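Below is one structure, written out as structure tokens; comments come after it.
These numbers come from a predicted model, not from an experiment.
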Amino acid sequence: MATLEKIRQRKKILAIVIGAALLAFIIEVGIEAIGRSGGNSAAAKVGNEKIDIMAFQRRVEQEASQDQNNQQIDAATRQQQVLDDMINEKLLEQEYKKLGITVSDKEISELMIGKNPAPAVMQFAQQVGAKSPADLYDFIMNPGKQGVQEAQVAELRNQWNKLKDDITKQYMFAKLQNLLAGCMQANDLDRAQMAEEEALTNVVTFAKKDFSSLPDDKFTVTDEELKAEYQKMKPMFKNDEELRSIHYIAVNIEPSAEDIAAANKIADAAYIALQKGRGVDSVRLLGTVQIDTAKMQLKEIPTKVRDFFASAPLGTTRRDSVVNNHHVMYKLMNKEVSLDSVDLGYVVIQGDAKTQKEVLAQLNSGKSLDDMRKAYPQKVDGKESEWQRIFNTVDSMKAKIANATPGVYFVFNSNDQAAQLIKVNDKKPAKTFYTLATVSYDAYASTKTSEQLRDAFQDFLNKNKTIKAFEENAAKAGYNAAEGIITPSTPQIGASQFGGGIKDSRKAIKWAFDSKEGSVSPIFSDNNNVLLAVAVDKIYPEGYLPYDFPPGKEMLTQRVRNSKKGDSLMKQYKGKANDLNGYAALMGTAIDTAKVVFAANGNPKLSGETGLIGRMSVAPQGKLQGPWKGENAVYVYQVVKQEKSERKPTKEELDNRYSQSRGAQLFTNPRTIYNILSKATKVTKRLIDFY
């Protein structure tokens, strides 16, 4: 069948792909550290089930081999992402078991090789040249029928089985989502309530006095007050993992003035060499710079030099401005008008010269490619039409295409056993292409500079071995002792939800969790770009964080202080005016207007004061209300107009709003499901033990 021939043609390509996968970058987890972890081989524990460190390592290797940009991903970040994925999968498996959610053999068969297979399966079949998923399945599961060795389909079979596992997981998750969605449907009372909440809009005028307008130093906050507020807010202080507060100093290994001067000399020499002749051999002899040569259209040339090279003669050079010690220079190597995009038909023939000649003659006599497939089964395949860019094709092959008679097949490549025929269906107008050489060089820190930076940092650490000295004397020595919070799952020191952490800093995190409060670390420099030292401030065990946990204490202090400011303003304003204008004058602020609906979650003019919005939405028209103390300000307000909606929402609209605000769409997205399951099941992450 046609699939067989396509697989045969792809044998070398598959071998290359497999070889590349075997050579792919493998992230080191530190399996040798299992001994240090007391023999425990679990990277994590989900309920009573463990995620084995070896299974985890294999998964990390798989992810790395499939990611073409793995060199740019921090190893610890990838590991943590993989572990979180495996934990989520384990949580789902346990939930499926509790709920009795399964995928039958019949269901997965329909999804893989049925009349309407999953899109991912169709795409996979098309990529390997199969007519259908069922056709591909038959080929890889019964290779003997096609005269193919088992080893030839082993990799395809592995890919098929992995796809089957992925489709099964997706289908089971869809069943869970559907089950949850079915439990969260609006009833008649819900619809009536939502319609009522949305029916009336109150137009409100108000004046407010923000708490931020009062000085903080006049409202002191005591420990007793913080502790009392802490009891009210204690659920917010729940801590599922041990935390450690740290200070850390990161010293960037950057080139010195001497290094930069040396780099400038090299760049100057490279530019002088670039100006010689029409090539770049003189630059290549320097051996210290990077040279990239590419053929491109004018629009693809870097913007800052595009206009310059548009009309420049061959051999012209241009040096760019130096940014962050990065030197860039260009040379125009060639300019040519060439075919770019061509619509080609191509036919691959597996057969001797006689067969090749017969197929060529019949195609050019009017026979179709399908006719040839039927007449020469398993020997002929191809495509009638496909647009391809050929501007980078070697000149001899490009000339064959350029000089070809439109609509007529000709021999493009051939030998005694096979041939490739080409037919030019259509051509787009020729375009001008520029061959541009780009030479770049970066200044880097020399060994001397790196050693000087390390020696100076080590000298600072030798003189400041206590955490107090580490923090207080850093600035005097020219360092910045930054604060941070880490957990055993933190992949990088200094990381936030927006990224920006210190690459390869996981060993410093491991050290921090192996050390006592007040300890100061040695220098860590895994990534060769940063010198890092850490000091452990305080250890916070799993459970509830104390009231004086710095970020929490800051939040509690703000709440208590705002409450005191509010009490002071309420005492100052209450009963001191008879209308909104009077209160606005007392507050020294202008009157503003807002539209309020009970169903709304907030209003930017009202600083998200949900309690105030609820009051405003049900207040009687024309009656002055307040002063009222909110979270961020004191308010006085009055409903001046009520707008009743004349249109009643449909049942479908109410059902959709219910789904978005309190139903399926709110609770059935993957992140929410994972969060709910992780709170219902004890999850322990132990990856840090293996560093």
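- Taking the six-membered ring where the residue is Trp, the centroids of Tyr230 and Phe237 are separated by under 6.0 Å.
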Side chains of residues 564-571: which donor-acceptor partners sit under 3.5 Å, not counting sequence neighbours?
residue	atom	partner	partner atom	Å
Lys564	NZ	Thr220	O	2.6
Lys564	NZ	Glu225	OE1	3.0
Lys564	NZ	Glu225	OE2	2.9
Lys565	NZ	Phe211	O	3.1
Lys565	NZ	Leu214	O	3.0
Lys565	NZ	Asp216	OD1	2.6
Asp567	OD1	Lys629	NZ	2.8

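- For the residue pair Arg244 and Ala512, the shortest heavy atom distance occurs at NH1-O, 2.7 Å.
- Listed by first and then second residue, the side chain to side chain donor-acceptor pair (under 3.5 Å) pairs that reach into residues 539-556 are Asp223-Tyr547, Glu542-Lys682, sequence neighbours excluded.
- A side chain to side chain donor-acceptor pair (under 3.5 Å) check over residues 451-467, counting only residues at least two apart or in different chains, returns the pairs Arg454-Ser525, Gln458-Asn462, Asp459-Lys463, Asn464-Asn473.
- Residues Asp655 and Lys651 are paired through a salt bridge, judged by an N-O separation under 4.0 Å between the basic side chain and the carboxylate.
- Taking each heavy atom of Ile688 and Pro488 in turn, the nearest pair found is CB-O, 3.8 Å.
- Using a 4.0 Å cut-off between charged nitrogen and carboxylate oxygen, Glu653 and Arg647 count as a salt-bridge pair.
- Nearest approach of Leu91 to Val46, heavy atoms of both residues: CD2-CG1, 3.5 Å.
- Taking the centre of each ring, Tyr479 and Phe460 come in below the 6.0 Å mark.
- In the displayed structure, Lys595 atom NZ is contacted under 6.0 Å by at most 12 heavy atoms of other residues, nucleotides or ligands.
- The two residues Met616 and Leu606 have their closest heavy-atom pair at SD-CD1, 3.7 Å.
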**Request:** Would you sort out whether Asn562 and Gln558 count as a side-chain hydrogen bond (donor to acceptor under 3.5 Å, both in side chains), showing the intermediate values?
**Result:** CA-CA 6 Å; Asn562 276 357; Gln558 186 67 31; 3.3 Å; yes
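- Among all heavy-atom pairs drawn from Thr487 and Phe513, the shortest one is C-CZ, 3.4 Å.
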**Request:** Give the C-alpha distance, both sets of side-chain angles, the deciding distance and a yes or no for salt bridge (charged side-chain N to carboxylate O under 4.0 Å, His left out) between Glu63 and Arg59.
**Result:** CA-CA 6 Å; Glu63 295 288 337; Arg59 179 75 168 267; 3.6 Å; yes
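- Glu229 and Lys232 are joined by a salt bridge, as a carboxylate oxygen and a charged side-chain nitrogen come within less than 4.0 angstrom of each other.
- Under a cut-off of 6.0 angstrom, the local environment of CD in Gln621 is crowded, with over 12 non-hydrogen atoms contributed by other residues, nucleotides or ligands.
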**Prompt:** Are Asp210 and Lys208 close enough, and set up right, to give a salt bridge (charged side-chain N to carboxylate O under 4.0 Å, His left out), and what steps lead you there?
**Reply:** CA-CA 6 Å; Asp210 290 317; Lys208 69 173 182 176; 3.8 Å; yes
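- Checked against Thr205 for a side-chain contact (heavy atoms from CB on, under 4.5 Å), the options Asn581, Thr593, Val636 give a single hit: Thr593.
- More than 12 heavy atoms of other residues, nucleotides or ligands sit less than 6.0 Å from atom CG of Asn187.
- What you find for Glu241 and Ser489 is that their closest heavy atoms are OE2-OG, 2.7 Å.
- A salt bridge links Lys90 to Glu49: one of the charged nitrogens lies within less than 4.0 Å of a carboxylate oxygen.
- Side-chain contact, Asp259 with Thr449: a donor N or O sits under 3.5 Å from an acceptor N or O.
- Neither side chain, Asn675 nor Ser678, offers a donor N or O lying under 3.5 Å from an acceptor on the other.
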